[in-house]
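Presented below is the structure to which this report refers.
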Amino acid sequence: MPEIKVTPLGAGQDVGRSCILVSFGGKNIMLDCGMHMGFNDDRRFPDFSYITQNGRLTDHFHLDHCGALPYMSEMVGYDGPIYMTHPTKAICPILLEDFRKITVDKKGETNFFTSQMIKDCMKKVVPLNLHQTVQVDDELEIKAYYAGHVLGAAMVQLKVGSESVVYTGDYNMTPDRHLGAAWIDKCRPDILISESTYATTIRDSKRCRERDFLKKVHETVERGGKVLIPVFALGRAQELCILLETFWERMNLKAPIYFSTGLTEKANHYYKLFITWTNQKIRKTFVQRNMFEFKHIKPFDRSYADNPGPMVVFATPGMLHAGQSLQIFKKWAGHEKNMVIMPGYCVQGTIGHKILNGQRKLELEGRSTLEVKLQVEYMSFSAHADAKGIMQLIRMAEPRNVLLVHGEAAKMEFLKGKIEQEFSINCFMPANGETATVTTNPSVPVDISLNLLKREMSLGGTLPDPKKPRTMHGTLIMKENSLRLVSPEQALKELGLSEHQLRFTCRVQLQDPHSDADTLRRIYTHLKSVLKGYTTQHLPDSMSVMVESIVVKVSSSAEDPNTKVLLLSWSYQDEDLGSFLSTLLKKGLPSGLC
Amino acid sequence: MKLYCLSGHPTLPCNVLKFKSTTIMLDCGLDTTSVLNFLPLPLVHSPRLSKLPGWVSKDGAINLEKELKECAGRVFVDSQPELCLPERELLDLSAIDVILISNYHCMMALPYITEHSGFTGTVYATEPTLQIGRLLMEELVNFMERVPKAQSATCWKNKEIQRLLPSPLKDAVEVWAWKKCYNMQEVNSALSKVQMVGYSQKVELFGAVIVSPLSSGYSLGSSNWIIQSHHEKVSYMSGSSLLTTHPQPMDQSSLKNSDILILTGLTQMPTANPDGMLGEFCSNLAMTIRAGGNVLVPCYSSGVIYDLLECLYQFIDSANLGSTPFYFISPIANSSLEFSQIFAEWLCLNKQSKVYLPEPPFPHAELIQTNKLKHYPSIHGDFSSEFRQPCVVFTGHPSLRFGDVVHFMELWGRSSLNTIIFTEPDFSYLDALAPYQPLAMKCVYCPIDTRLNFHQVSKLLKEIQPLHVVCPEQYTQPPPSQSHRSDLMLELQAPPLPYRRCSVLSLPFRRRYERIHLLPELARSLVPSEVKPGVSVATVSGMLQSKDNKHTLQSVPKPPPAAPTKKRKRVVEEPPEVLAPKPLLSGAVPLDGFLASLHKHGISEVKVEETSGGHILHLQAEDALIQLEADATHIVCDNNEPMRTTLRDLVLQFLQKL
């Protein structure tokens with residue numbers, strides 16, 4: 001029986017370095033090719049040691065989904081096509097380059113991909129449009145759906161014949177200030193591979209979270225403190241910028257807001273050019289007012305960090321594991337007046353993760369320690385679906401099986417139980433390197449001759465009647481690669497075969513002291529009463545009765561006029577009825593007949 | 001399968017295809033050439049146009065002073081300009097399931113079709129087509145509503161009267177299909193029925209057919225459509241281009257192997273080379289500016305204007321036009337320019353890669369930033385104070401009957417220093433200029449039509465090889481003005497099926513097969529047998545289920561084992577419940593083989609008698625007779641049912657069942 005195999009190379013019961021291998025219908029597809037933020041050695045890349053594949057899809061530009069792409073395509077030697085959406089294709093190389101610079105130029109690592117490799121890798125990328133059906137080869141077909149997580153994020157449907165797999169990547173089921181909600185049609189995939197970062201969280205209303213966030217920022221600024229918001233350059237940053245921008249405007253606040261790194265302006269430019277990927281409201285009004293042109297938010301300079309007075313700074317990266325956000329954090333960590341707001345998920349091993357777990361003393365490189373006195377706030381603004389959202393997506397797509405990735409094992413376990421209970425479908429959560437196998441039961445597509453189909457539909461109607469099932473008969477002709485279902489007559493004709501007539505004749509003797517004509521009528525009456533639902537004809541001219549196409553002829557025996565000889569004749573097609581009739585008539589006619 | 005043709009205009013088509021159980025409208029183009037018969041709508045009071053003499057027939061018998069005015073030696077209708085709608089009586093518009101739009105020029109009649117007609121279906125279009133189409137409709141409504149005219153003229157349309165009118169009014173056709181422009185409310189309602197699609201997206205209609213748009217290379221988001229079921233494929237080609245301009249290149253290979261190709265939207269200027277025209281455009285523009293004159297370019301607010309601006313961007317510095325102001329005046333000028341920059345996915349590769357930098361794909365962003373190009377919603381307001389001459393003005397409408405262009409005609413028409421350059425191919429420039437004669441300004445006609453020409457299309461058809469081609473009748477003969485140019489028509493081996501307005505074509509097309517799915521259980525139960533090398537057959541008996549135009553065949557449920565009843569005897573007497581016909585038989589029963597197997601079953605006393613057609617076997621002990629012929633077998637056996645069934649099965653062993 002056909003099988004679909006899913007093997008996570010990364011993100012199996014883990015967050016980060018998404019990389020999932022799917023094999024079905026003779027195709028191998030890698031979904032995402034990410035890296036892990038919490039490791040600094042080889043473990044940050046997925047384990048590529050055992051793969052060959054046909055195509056690769058990257059669903060969005062976060063490094064945990066595309067970070068290992070050049071490593072895979074240029075250093076491991078993958079040479080097939082890579083698919084991603086236009087915005088992802090645009091932004092991905094910039095993030096990769098940024099990442100490379102931090103790793104190689106600042107930390108001085110070697111064995112890493114080069115700028116040229118990033119460029120070469122991007123040349124293999126085929127851009128995807130939403131809802132476009134792309135034929136990877138004759139059999140494999142892919143289609144992208146809007147995922148809402150970041151600009152250009154997409155879910156993908158893979159299809160070979162009647163088998164299909166949907167991979168969500170990261171997605172968000174609630175529209176926010178700049179992106180829309182993920183959407184998919186009722187495509188009934190065999191497997192839905194869903195992320196489960198927030199498998200156990202059910203977040204309160206977004207409005208409350210936003211109000212909370214604004215209140216905290218406002219309070220800190222009012223008392224002269226500095227607010228650090230570590231973010232990734234694209235994604236939540238824009239969402240929070242829009243939030244603060246409108247708040248500053250409404251409240252007429254004067255404290256400066258900065259956005260660190262040169263990427264900002266460029267990033268906002270991407271949003272302007274890819275406005276069709278944002279939400280309805282922004283798209284509708286962009287000609288009049290472009291939401292990504294900020295009035296209150298200015299570029300940050302390193303020296304501003306020491307300025308006195310309140311300020312708000314968005315700095316990258318988002319998990320405080322390196323770069324500018326970490327530098328600023330170190331500067332501001334010592335003052336209670338200040339605040340750091342973590343708006344997203346932090347991977348284990350990062351400073352972000354440590355301080356969120358309440359660690360107040362951090363060991364830094366070079367044995368120094370850092371005392372954390374500033375307020376640490378966690379506010380989930382990361383655009384992942386929460387448990388409710390995941391359930392909602394399952395309801396939308398109606399998969400036959402669900403497979404969870406990109407989440408922590410314990411949380412997955414909980415969600416798995418919930419899914420199995422609510423939808424009565426199987427739910428898998430393989431660890432890295434483990435394979436989940438699902439057997440499918442595909443139906444066989446066949447071409448039916450229109451004549452046969454129409455005849456059957458006019459006779460039996462379109463839906464089977466459970467009380468009176470009707471059987472359709474046809475001949476399946478298998479020739480080369482075609483399967484055609486035609487009527488038996490047509491099959492004979494097409495194959496150049498002549499029909500072989502098989503007939504049976506059977507004589508039955510009957511004692512019936514009546515004239516031949518009367519016997520005939522008596523037989524007719526008898527058969528008519530027994531064979532309800534069949535056409536029975538009385539043909540006195542030829543001294544016969546016909547039941548469907550079976551002929552019963554009556555004559556008297558030469559010796560004894562009371563002994564009647566019935567001659568039954570039927571073809572093989574009427575075998576059941578013919579056999580029944582001969583047995584029936586042998587028993588004689590019932591006495592009550594007139 | 002039938003095709004109803006509701007428009008006779010070859011580049012503004014409107015056809016309805018009935019295919020399987022669906023009714024699909026392909027485009028709904030609005031023919032605006034009718035407006036040429038109307039007086040221009042001036043934005044500012046024009047003494048000249050307001051004092052025109054009314055028209056009275058020479059003998060004074062017909063007096064239509066109020067409706068018709070004489071202007072520059074021609075007679076024009078003095079009312080709100082009217083547009084020529086697609087035919088609405090040929091079939092019931094409420095029966096249309098879906099409308100497929102190929103490009104924004106071909107959707108302008110949408111509100112007339114979807115509103116007040118009982119239409120309840122869906123319209124499919126790409127995102128740029130929808131957005132730019134909306135802008136163009138807004139602009140048209142704005143042009144019309146800005147200069148309201150209370151009067152509507154209908155008397156002249158009376159057949160008896162129209163016959164006596166001077167040309168060209170006399171020759172106007174379908175005048176009763178001319179209608180006033182829709183309003184914004186109707187536009188919004190019509191566009192709310194549009195569902196956006198992406199290239200190569202497969203949209204399933206009622207499970208019966210799949211439609212899918214393909215890039216056609218003509219304008220932003222322009223598409224050809226494929227309408228197919230599992231066994232039939234109809235391609236609909238509308239405005240397509242093979243030239244490298246701003247849109248994504250045309251997808252040709254997906255059109256291959258069509259049963260029917262409906263071919264519309266070829267170039268209206270088969271003899272004008274777009275590149276040459278572009279060169280002429282630039283040189284005339286530069287010449288006029290250098291001589292101190294102004295240049296007026298009447299054009300649509302989206303489409304070729306992007307290419308003109310791009311061309312000028314490269315040309316400005318080399319031609320020393322750096323200080324000349326370029327104005328783009330239209331209620332949708334700003335939106336059109338902004339929208340063009342956000343559809344990177346729909347642009348040619350070259351422009352796409354700019355977005356990755358990130359830079360705006362069109363250079364007009366830079367022209368605007370450097371203040372070389374300025375856009376205004378109308379001549380009123382800021383424009384009147386900032387306007388400097390000599391300058392270049394892009395403005396609509398290209399028919400010169402409404403929009404801001406009317407004002408510039410009045411303003412600049414008197415001076416021979418000025419030039420008007422026509423770039424749109426939709427209107428005859430002489431007719432467009434008629435109400436402004438006599439004119440001193442220079443007129444240059446460089447129509448830029450990037451759609452396929454006859455040479456390109458015949459090459460394309462050779463490539464994609466459709467079985468049948470359907471096209472407007474205009475394409476089956478040379479244009480009337482160049483009747484000797486047999487190269488300006490479609491010449492195909494199998495002549496194309498021509499259509500005209502109101503044609504109903506039966507398309508030469510027979511469906512023979514349909515897709516059905518055998519459920520796995522049934523499929524596993526099949527027993528194929530090889531009848532010829534490479535050909536196997538299997539008899540299939542199943543229950544048919546047809547839902548949403550999808551057919552499946554499942555195994556017949558086994559009847560529950562008859563409950564052991566006391567009336568056992570009666571059960572035997574029940575006739576067979578289901579009329580299950582046996583399979584057809586084929587092949588022959590070989591005499592020797594048959595005798596051998598009879599022998600195996602203990603029947604050895606057989607007398608064989610040769611006949612003309614075969615043999616007769618007498619089974620003496622069993623008192624049975626078997627007649628064997630090449631394609632018939634007859635078993636005569638009395639009073640011995642077990643023997644008969646044994647013989648039957650022995651015969652069946654040698655035969656194939658179908």
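Below, chains carry the letters A, B, ... as their sequence lines are ordered, and counting in each starts from 1.
Heavy-atom pairs under 4.5 Å with chain B were tallied for A:Leu130, A:Leu273, A:Thr475; the largest tally goes to A:Leu273. Between chain B and the options A:Leu452, A:Asn451, A:Asn441, heavy-atom pairs under 4.5 Å are most frequent for A:Asn441. Annotation: maximal heavy-atom pairing with chain A below 4.5 Å, among B:Leu652, B:Leu647, B:Val197, occurs at B:Leu652. Chain A forms more heavy-atom pairs under 4.5 Å with one residue of B:Gln341, B:Met196, B:Gln131, B:Gln352 than with any other, namely B:Gln352. Highest contact tally toward chain B, considering only A:Thr583, A:Leu483, A:Leu453, is held by A:Leu453 [criterion: heavy-atom pairs under 4.5 Å]. Heavy-atom pairs under 4.5 Å with chain B peak, among A:His86, A:His131, A:Lys586, at A:His86. Interface check for chain A: of the options B:Val636, B:Asn334, B:Val540, B:Leu526, the most heavy-atom pairs under 4.5 Å are formed by B:Val540. For the set B:Glu359, B:His551, B:Arg648, the entry with the most heavy-atom pairs within less than 4.5 Å of chain A is B:Arg648. Counting heavy-atom pairs closer than 4.5 Å to chain A, the top residue among B:Val535, B:Thr552, B:Val203 is B:Val535. Ranking B:Gly198, B:Ser335, B:Ala632, B:Pro361 against chain A, the residue ahead of the rest is B:Ala632, based on heavy-atom pairs under 4.5 Å. The candidate with the highest count of non-hydrogen atom pairs below 4.5 Å against chain B, out of A:Val508, A:Ile275, A:Leu492, is A:Leu492.
Closest approach of B:Tyr356 and A:Phe274 over heavy atoms only: CE2-CZ, 4.5 Å. Shown here for B:Leu584 and A:Glu499, the closest heavy-atom pair between the two residues is CD2-OE2, 3.5 Å. Across every non-hydrogen atom of B:His517 and A:Ser443, the tightest pair is ND1-OG, 3.2 Å.
Heavy-atom distances place both the backbone and the side chain of B:Arg515 under 4.5 Å from chain A. Using a 4.5 Å cut-off between heavy atoms, B:Ala630 contacts chain A through its backbone alone, with no side-chain atom that close. Proximity to chain A is absent for every atom of B:His230, based on heavy atoms less than 4.5 angstrom apart. Of the two parts of B:Val531, only the side chain, counted from C-beta on, holds a non-hydrogen atom closer than 4.5 Å to a non-hydrogen atom of chain A. For a residue to count as touching a neighbouring chain, one of its non-hydrogen atoms must lie under 4.5 Å from one of that chain's; by this rule A:Pro127 touches chain B with the side chain only. For chain B, the nearby part of A:Asn129 is the side chain; its heavy atoms alone come within less than 4.5 Å. With a 4.5 Å cut-off on non-hydrogen atoms, B:Glu629 touches chain A through its backbone but not through its side chain. Heavy atoms closer than 4.5 Å to chain A are found in the side chain of B:Arg524, but not in its backbone. With a threshold of 4.5 angstrom between heavy atoms, B:Leu337 does not approach chain A through any atom at all. Using a 4.5 Å cut-off between heavy atoms, A:Val134 does not touch chain B at all. With a threshold of 4.5 angstrom between heavy atoms, B:Val355 approaches chain A through its backbone and through its side chain. Of the two parts of A:Ser579, the backbone and the side chain both hold a non-hydrogen atom closer than 4.5 Å to a non-hydrogen atom of chain B. Of the atoms belonging to A:Pro93, not a single heavy atom falls under 4.5 Å from chain B. Proximity to chain A is limited to the side chain of B:Leu655, based on heavy atoms less than 4.5 angstrom apart. For a residue to count as touching a neighbouring chain, one of its non-hydrogen atoms must lie under 4.5 Å from one of that chain's; by this rule A:Ser582 touches chain B with the side chain only. In this structure, chain A has a heavy atom under 4.5 Å from the side chain of B:Leu553, while its backbone stays farther away. Proximity to chain B (any heavy atom under 4.5 Å) is shown, for A:Gln288, by neither the backbone nor the side chain. Interface remark: B:Glu521 contributes no atoms to any contact with chain A (heavy atom separation under 4.5 Å).
Judged by distance alone, with hydrogens and angles left aside, the side-chain atoms of B:Tyr199 form no donor-acceptor pair with the main-chain N or O of A:Thr133 at under 3.5 Å. With hydrogens and angles ignored, the 3.5 Å screen pairs a side-chain donor or acceptor of B:Ser586 with a backbone N or O of A:Ser498. The closest donor-acceptor contact from the side chain of A:His500 to the backbone of B:Leu585 lies at 3.5 Å or more, if one exists at all.
The CD atom of B:Gln554 sits 11.5 Å away from atom CE of A:Met472, with the distance rounded to the nearest 0.5 Å. Note that NZ of B:Lys532 and CD1 of A:Ile477 are 9.5 Å apart. Values are rounded to the nearest 0.5 Å. Here B:Glu514 contributes atom CD and A:Leu485 contributes atom CG; the two are 12.5 Å apart, rounded to the nearest 0.5 Å. Separating the CG atom in A:Leu502 from the CD1 atom in B:Ile626 is a distance of 10.0 Å, to the nearest 0.5 Å. To the nearest 0.5 Å, atoms OG (B:Ser353) and CE (A:Met122) are separated by 12.5 Å. Remark: B:His634 NE2 to A:Ser569 OG distance equals 5.0 Å, nearest 0.5 Å.
Side-chain atoms of A:Val486 and B:Tyr513, non-hydrogen and from C-beta on, do get closer than 4.5 Å to each other. Using a 4.5 Å heavy-atom threshold, the side chains of B:Glu127 and A:Arg283 count as touching.
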**Asked** For B:Arg644 and A:Glu575, what are the C-alpha separation, side-chain angles and deciding distance, and is it a salt bridge (charged side-chain N to carboxylate O under 4.0 Å, His left out)?
**Response** CA-CA 11 Å; B:Arg644 189 187 68 82; A:Glu575 167 70 9; 3.0 Å; yes
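A:His473 and B:Thr539 share no donor-acceptor pair across their side chains, judged by distance under 3.5 Å alone.
Residues passing the ring-ring contact (aromatic ring centres under 6.0 Å, His included) test with A:Phe504, sequence neighbours excluded: A:Trp570. For A:Glu293, the salt bridge (Lys or Arg N to Asp or Glu O under 4.0 Å) criterion is met by A:Lys272, not counting sequence neighbours.
Atom CZ of A:Arg507 has 12 or fewer neighbouring heavy atoms from other residues, nucleotides or ligands inside a 6.0 Å radius.
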